[in-house]
Amino acid sequence: MVKTTTASALSAMLIVGLCAAVSLLPGGTDAKRHGPLLVEDEGARRNRPAECLFGKTLRELGSTWFADLGPPFGVMYCIKCECVAVHKKRRIVARVQCRNIKNECPKPTCDEPILLPGRCCKSCPGDAHSPDIVQDLPQAQPDEEERSKHFAALLTGRTSSILKRDDIRSTYSTINPQNIVATGRFVFHKKNLYYSFYISDKAPRPRAIQFVDNQGNILEEHPLVIPPEGPFSVYQNATGKICGVWRRVPRDYRRLLRDDMMNAVLLWGGKYQAELAIAGPIGKYPALPQELFSSLLEPAPGTNPEQMNGAGGTAIVSTKSGVTSSIYLTIVLNGIFSPDDIADVPLNIRLEMQNKDQVILEETQRVKKPAHDINIIEVSSPLSVNDLRLLTRGKLTVVVESKRKPEALRIQGIVQTRVACEVFQTLLTSHNPESRTDTTGLSWMYLNKEGSLVYNIQTHNLHMNYNPVITLIDDSAKRKAEIENLGFSSEHVSGVVDRMGPRVLEPLYSGDLAINVANDLNLNLVHGKYVSRPVADARDSTAPVLLKRIANSAAPPHSVGMAWVAVDNECNLHYEVTLAGVPSSYHPVQLFLEELPIEAPNAPISRTPLEDFSGNYLEGFVLAMPSIELAKLETSVIYLELRSKSKDEPILKAKLKSIKVPNHCTGNQYHDNDVQNNSVISTPHNDNNLPTGETKCYHSSRFYDEGDMWNVAEQCTMCSCFHRRVKCEPIKCPPLKCRKEDIVQKKGDCCPTCAGKTTTGVVSLAAASESNRTLPSTVSRYPEDTAVALVSKPRGCHLGDHFHSAGATWHPYLPPNGYDTCIVCTCDANSLEINCPRTQCPPLNCSDKVAYRPDKKACCKVCPQVIKSKPSGTGAPGEMGDQAGSSVGTLRNPQTILANGGCSYNANVYENGQEFHPVLATHGEQKCVKCSCKDGHIKCERKRCARSVCARQHLGARKNAIPADECCQCPKTAGRHQQHRRRQQQQQNQKQTTAISVKS
């Protein structure tokens, strides 16, 4: 199953639907009827392979299908799509073309045609030919695929003639002064073409590989450059090979491969310099399926570089050991013929030691008609066991030279491990279905450039008390002969077997090499046989992970799995899973990718389904993952989980190591809400900045759900999770009803207690439950009727997940407001019942409007205190003065006043409930403005005067009896006659259009 998260394909679907609707309008021409409605966007993907991506499905070149727009539209049976090949500057790329076939429907041959389900055209019984029937591509037969499985190629200057054609020679630079040579092997398996190359040691790693047909058209191109920041290939670095895979080769290209009409091209160089390119035809050669060793033949030292320009070869070496050991050589070569060598040319073939002190094999072969590019020679000869051992250890060299000019025309190369990129892997499990052992493991190995065997073993639940021993055995014989003892030191064992021989290589390549783990109790505790797998994509990662059985799972204890996971340069996620010991009743199984921001208890889990499958093997991929998800693979905690779909339970699970993702796939753009920041993790005091789930908080190295409460014993604090934020405050201790000298502080308690009591003041942290979470639950109490309960468990009460000793008192913690100090809960020492009464407030001696709370969390309101202050200045008797800074009536400092609801204004401190006149620096005291301080807030208002006050002031002004109030701004009054005259004068002024300002 193939998945993708590309949004462009979904928009393309909608375009198809719109185009289909437009094409159904009347008046269309024939060109419009048959023309494509949609051509796939060229900028959808960076690399344009020979396949089409439509929606979430990859389509093979040449396939046809009906557009599926998904719900609610469904399949549009009148919109027929096809994946077609498009030529673009010598490149053949795939494009999606869709058209409306409604107008292509044939005329029915009956009077009453019907529209069948899943069809676009009405048809009559017996009609077979219709454009709305999708023809499936013919599948290759298994035997045909097996016959065309192994291929090889020789790439030299002489085999690169296809690059020197007049129409394409300007594209490539074939000037090869260093005479770089390469040889490749190709294995075709399940529509995938795996390729491997040896190149000259003097050449750097190629930039890219191209697959070209005989006309010079580029069918496929893969980049080979490894970015400086990675991901790196341990295997390719250790072996010096070039490895890769061309996945999902189209049917037409597979035909070219079988007919020897495809070429491989390796390119060097960069964007701003000329390229060096060498090419060679991909073909089938004798003995390729039996190849055990390979050799890259290059011009020998001492030969003329100009005369040997473009010369090279490769040797396909296979051996057979037994009573009579033998060696078989298939040599593909060119460039060692002089111009006058036309027919029946003799060549000397030697197999000798690298220091030339011993010749193992020497034979003369004649080439009937020498070719410019490809010549094939086959040699077979008996070989001693000692010589065969030298061959397996990389001590021998193949030399091919002209018999007429041996010093001038000669190529040679060291015999080394075969070119194919491959690892050998197995799972370690008990092969006895009745076995109850829980020991499992995995092992994988490969041959490095020197021919040594590099092995890696990981075991699980292998008990050291019984002296385990790990050995390599030949599983083909009944006696299971021991080949190599690998010893055992820990659960992770790795090493190198230097002295390789036929006893190891032949069973390794034939699939008969096995690994056995034995101990004092069982000589065949766990066992596994190595299987060869080509190195590409997921298997090109650093190492596999062991899928271990989940605790308490109902699956057999010897169930085990192995997984390879990697991200390629095209930002695609590849994975490969191998299982063993999982019963068929658990199939089908589901593979999930789990992501956690950090490894912590109760951490939020983001689970992404990868694929459902049945059987013991899966190889899949996810195309074009979003950059955010790729960044999480490298920075978050990632688990791979296998679940049984039929039983709906997890079976196996493994924690992935940090997966290296190319920088261009993530863009180095990290967001706080998307991917964790390592700098945040290293700062434990900023827990709220950690990326969490939608309703979780992170605190004290673990995650808490929304609404959770927990205490931190070491700090005597209580915390809660509210709206993804952590809020903590010190534990509030209730007052004690005992004398001061009787108060004691017990070790482990946050609150003091009264001496002589057997109860704690509040929550006893020493006797608290191990659970840190508090969830809504009913109050429970321990039974008193059994002595066992009293001995095994302390007497007390449970409130949620917190335990309180008998007789303890405490303030309840109510998030998000914190402790409610107005409530004191008690765990009754006799009945073990919890009572939480609220504090009873005394009656007030003042109005509730003027009453205030001395503290923001005070339980009861109090009346404001009347504080008399000394009159300042020469104000009138009884006039309110500024009481700022006055010490009359109080001995409290400013900090205490502010803590009890006081106010601070203009560098002055006022008590809660105090009234004052504000003082402005430019205008002095504002006696007409009165301010009041209440519960930490200042409210000011100007004095308002009623109309009656102004009337009395005017009356008193005429009689000189009542003094005017300067805070009341009353307008001056005049008599009625004067007011009437003023109105008449204003009307006259308006008639004369003369603006006269009348002063009132």
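Any value given below was found using the heavy atoms of this structure, including those in side chains, with hydrogens, waters and symmetry copies removed.
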Minimum heavy-atom distance between [X] and [Y], given as atom pair plus value:
| X | Y | value |
| --- | --- | --- |
| Ile414 | Gln354 | CG2-NE2, 3.7 Å |
| Ile199 | Leu296 | C-CD2, 3.6 Å |
| Ile659 | Ala566 | CG2-CA, 4.5 Å |
| Ser430 | Val526 | N-CG1, 3.9 Å |
| Leu640 | Ala563 | CD2-CB, 3.5 Å |
| Ser559 | Gly581 | OG-O, 3.0 Å |

Would you say the side-chain atoms of [X] pair up with the backbone N or O of [Y], donor to acceptor, closer than 3.5 Å?
| X | Y | answer |
| --- | --- | --- |
| Ser452 | Asn448 | no |
| Asn516 | Leu523 | yes |
| Thr314 | Ser295 | yes |
| Ser614 | His587 | no |
| Tyr586 | Ala555 | yes |
| Arg643 | Phe592 | no |
| Ser646 | Ser585 | yes |
| Ser490 | His492 | yes |
| Thr183 | Ala153 | yes |

- request: Kindly determine whether Thr578 and Val531 satisfy side-chain contact (heavy atoms from CB on, under 4.5 Å), including the steps that lead there.
  value: CA-CA 11 Å; Thr578 306; Val531 178; over 6 Å; no
Criterion side-chain hydrogen bond (donor to acceptor under 3.5 Å, both in side chains) against Gln425, the qualifying member of Tyr446, Trp444, Trp564: Trp564
So [Y] and [X], do their side chains get closer than 4.5 Å, heavy atoms only?
| X | Y | value |
| --- | --- | --- |
| Glu291 | His150 | no |
| Leu525 | Tyr466 | no |
| Val517 | Thr439 | no |
| Ser443 | Tyr530 | yes |
| Tyr328 | Gln290 | no |
| Leu257 | Val249 | no |
| Phe488 | Leu462 | yes |
| Val545 | Met562 | no |

Counting neighbours of [atom1] on [X] that are heavy atoms of other residues, nucleotides or ligands and sit closer than 6.0 Å, is the number greater than 12?
| X | atom1 | value |
| --- | --- | --- |
| Asn552 | CG | no |
| Lys660 | NZ | yes |
| Lys529 | NZ | yes |

- prompt: Do the numbers put Arg533 on top of the ring of Tyr617, so that NZ or CZ is under 6.0 Å from the six-membered ring centre and no more than 45° off the axis?
  reply: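 Ring-cation test returns yes.
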message: Both conditions, 6.0 Å and 45 degrees, for the charged tip of Lys241 above the ring of Tyr235: are they met here?
response: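 The answer is no, since Lys241 fails at least one limit relative to Tyr235.
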Rounded to the nearest 0.5 Å, what separates atom [atom1] in [X] from atom [atom2] in [Y]?
| X | Y | atom1 | atom2 | value |
| --- | --- | --- | --- | --- |
| Thr440 | Arg549 | OG1 | CZ | 10.0 Å |
| Leu623 | Cys571 | CG | SG | 11.0 Å |
| Tyr455 | Leu486 | OH | CG | 4.5 Å |
| Asn519 | Asn467 | CG | CG | 8.5 Å |
| Ser325 | Asn386 | OG | CG | 11.0 Å |
| Leu292 | Leu505 | CG | CG | 7.5 Å |

task: Kindly indicate, with the supporting measurements, whether the criterion side-chain contact (heavy atoms from CB on, under 4.5 Å) is fulfilled by Leu508 and Leu453.
output: CA-CA 10 Å; Leu508 177 66; Leu453 185 66; 4.2 Å; yes
message: Please evaluate residues Asn524 and Asn522 with respect to the criterion side-chain contact (heavy atoms from CB on, under 4.5 Å), reporting the C-alpha separation (whole Å), side-chain torsions for both, the decisive distance (0.1 Å), and the verdict.
response: CA-CA 5 Å; Asn524 192 15; Asn522 194 338; 4.1 Å; yes
Could [X] and [Y] be called an ion pair, given the rule that one side-chain N must be under 4.0 Å from one carboxylate O?
| X | Y | answer |
| --- | --- | --- |
| Arg247 | Asp568 | no |
| Glu422 | Arg185 | no |
| Asp475 | Lys480 | yes |

- request: Evaluate side-chain hydrogen bond (donor to acceptor under 3.5 Å, both in side chains) for Asp474 paired with Ser476, printing each intermediate quantity in order.
  value: CA-CA 6 Å; Asp474 186 351; Ser476 60; 2.7 Å; yes
task: Test salt bridge (Lys or Arg N to Asp or Glu O under 4.0 Å) on Lys655 and Glu599 and set out the steps.
output: CA-CA 11 Å; Lys655 180 180 179 180; Glu599 191 78 62; 3.4 Å; yes
field: Worked verdict on Val565 versus Leu573 for side-chain contact (heavy atoms from CB on, under 4.5 Å)
entry: CA-CA 7 Å; Val565 182; Leu573 175 69; 3.6 Å; yes
message: Consider side chain to side chain contact (heavy atoms under 4.5 Å, CB included). Of Thr392, Leu396, Thr417, which one does Phe293 pass it with?
response: Thr392
task: Compute the centroid of each ring, for Phe151 and then for Tyr194, and state whether the two points are separated by less than 6.0 Å.
output: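 They do not qualify: ring centres at least 6.0 Å apart.
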message: One pair to check against side-chain hydrogen bond (donor to acceptor under 3.5 Å, both in side chains): Glu482 and Thr471. What are the steps and the verdict?
response: CA-CA 7 Å; Glu482 179 179 325; Thr471 56; 4.9 Å; no
message: Using 30° and 60° as the class boundaries, would you call the ring planes of Phe621 and His574 parallel, tilted or perpendicular?
response: tilted
